[in-house]
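In what follows, a structure is listed as structure tokens, so that the remarks can point back to it.
Sequence lines set the chain letters: A, B, ... in the order given, protein chains first and strands last, and positions in each chain run from 1. What's counted below: heavy atoms across the whole structure, side chains too, no hydrogens, waters or symmetry copies.
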2 protein chains.
Amino acid sequence: MIKPKYHIFVCSSSRVNGEPKGFCHSKAAVEIIGNFLEEIRDRDLGAEVFVSNTGCFSLCEKGPIVVVYPDNVWYGGVTPEDVEEIMDEHIEGGSIVERLAI
Amino acid sequence: MIKPKYHIFVCSSSRVNGEPKGFCHSKAAVEIIGNFLEEIRDRDLGAEVFVSNTGCFSLCEKGPIVVVYPDNVWYGGVTPEDVEEIMDEHIEGGSIVERLAI
């Protein structure tokens with residue numbers, strides 16, 4: 001199989017133990033995921049970049065959380081408007097968006 | 001923040017677009033997640049290894065899927081009984097479990 005060059009994980013706040021915290025979800029995680037999918041499609045990066053929704057990262061107070069692997073870069077307080085910058089600087093530019101990094 | 005040394009992602013099959021495929025889920029993903037959490041606790045690796053449930057990886061026919069980052073190693077057809085081997089060989093031993101790798 002072809003592995004993604006970048007795998008973007010977005011907490012959409014369901015928890016492994018079933019506890020519905022709902023924090024990242026209420027903080028627009030679904031819109032963030034939608035924006036990533038749209039940017040990836042518009043930039044024709046579907047073969048290289050994969051987006052997954054995930055359960056809770058136990059950093060709810062810093063949410064919404066976006067994690068980029070294999071770089072192991074964690075972003076907090078991400079807004080739907082930040083997605084374009086993460087795509088430009090990190091995914092296409094190879095640099096961490098320092099103002100969002102936690 | 002302290003980032004995990006290993007981040008284990010287990011598809012529990014909800015999809016970003018909301019389509020309930022349910023394949024990995026029906027293939028015991030919940031039990032796999034439970035076994036990982038138990039092994040991590042028993043081995044006192046909670047500070048180094050983090051487990052997340054995720055949405056669909058679009059590899060349903062190879063499910064259940066387990067992905068280990070930052071190594072970008074993808075395992076398919078994982079059973080709850082395989083969790084101990086992944087913990088022994090990969091997470092603690094640093095070697096890929098070749099028989100499960102996809």
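Rounded to the nearest 0.5 angstrom, B/Thr54 OG1 and A/Phe50 CZ are separated by 8.0 Å.
No side-chain donor-acceptor contact under 3.5 Å links B/Asn72 to the backbone of A/Pro70.
The parts of B/Phe57 that come within reach of chain A are both its backbone and its side chain, each placing non-hydrogen atoms under 4.5 angstrom from that chain.
Ring planes of B/His7 and A/Tyr69: perpendicular class, angle over 60° (limits at 30 and 60°).
Heavy-atom neighbours of A/Lys3 NZ from other residues, nucleotides or ligands within 6.0 Å: above the threshold of 12. Heavy atoms of other residues, nucleotides or ligands lying less than 6.0 angstrom from CG of B/Asp42 number more than 12.
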